[in-house]
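Hydrogens, waters and symmetry mates play no part in the numbers below; they use all other heavy atoms, side chains included.
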Amino acid sequence: GSASWSTSPSSGSEWSKKENKMFEEALAYYGEGAPNLWDKVASAMGGTKSAEEVRRHFQILVHDVNNIEHGRIPFPKYKTQGFWT
């Protein structure tokens, strides 16, 4: 089933709260400078997302955070708690 009603940033595909959490944990585990980072994060997420999707998702998040926080925090805390209850 597709969650086309979901109100999330248009990143080409929907990311669930669980996927975001896995993404965040994998990114924190490997660190931003890791070689083949997006491949590692994608496989850490169980292959539900491609390395390209992961990379794009990260860039979207960083762009959002830079707009909001002027780059003060490197890793966003997901602002989705309110939507998913």
From [X] atom [atom1] to [Y] atom [atom2], the distance as rounded to the nearest 0.5 Å:
X   : Y   : atom1 : atom2 : value
S50 : R56 : OG    : CZ    : 6.5 Å
W15 : L61 : CH2   : CG    : 8.0 Å
M45 : E25 : CE    : CD    : 10.5 Å

query: Applying the side-chain contact (heavy atoms from CB on, under 4.5 Å) test to E19, which of K49, H57, E53 qualifies?
result: K49

Restricting to non-hydrogen atoms, name the atom on [X] and the atom on [Y] that form the minimum distance, rounded to 0.1 Å.
X   : Y   : value
A44 : A26 : CB-CB, 3.8 Å
W38 : L27 : CZ3-CD1, 3.8 Å
A51 : D39 : CB-OD1, 3.3 Å

- prompt: Between F23 and F58, what is the ring plane arrangement, given parallel below 30°, perpendicular above 60°, and tilted in between?
  reply: tilted

E52 and R55 ion-paired at < 4.0 Å: yes

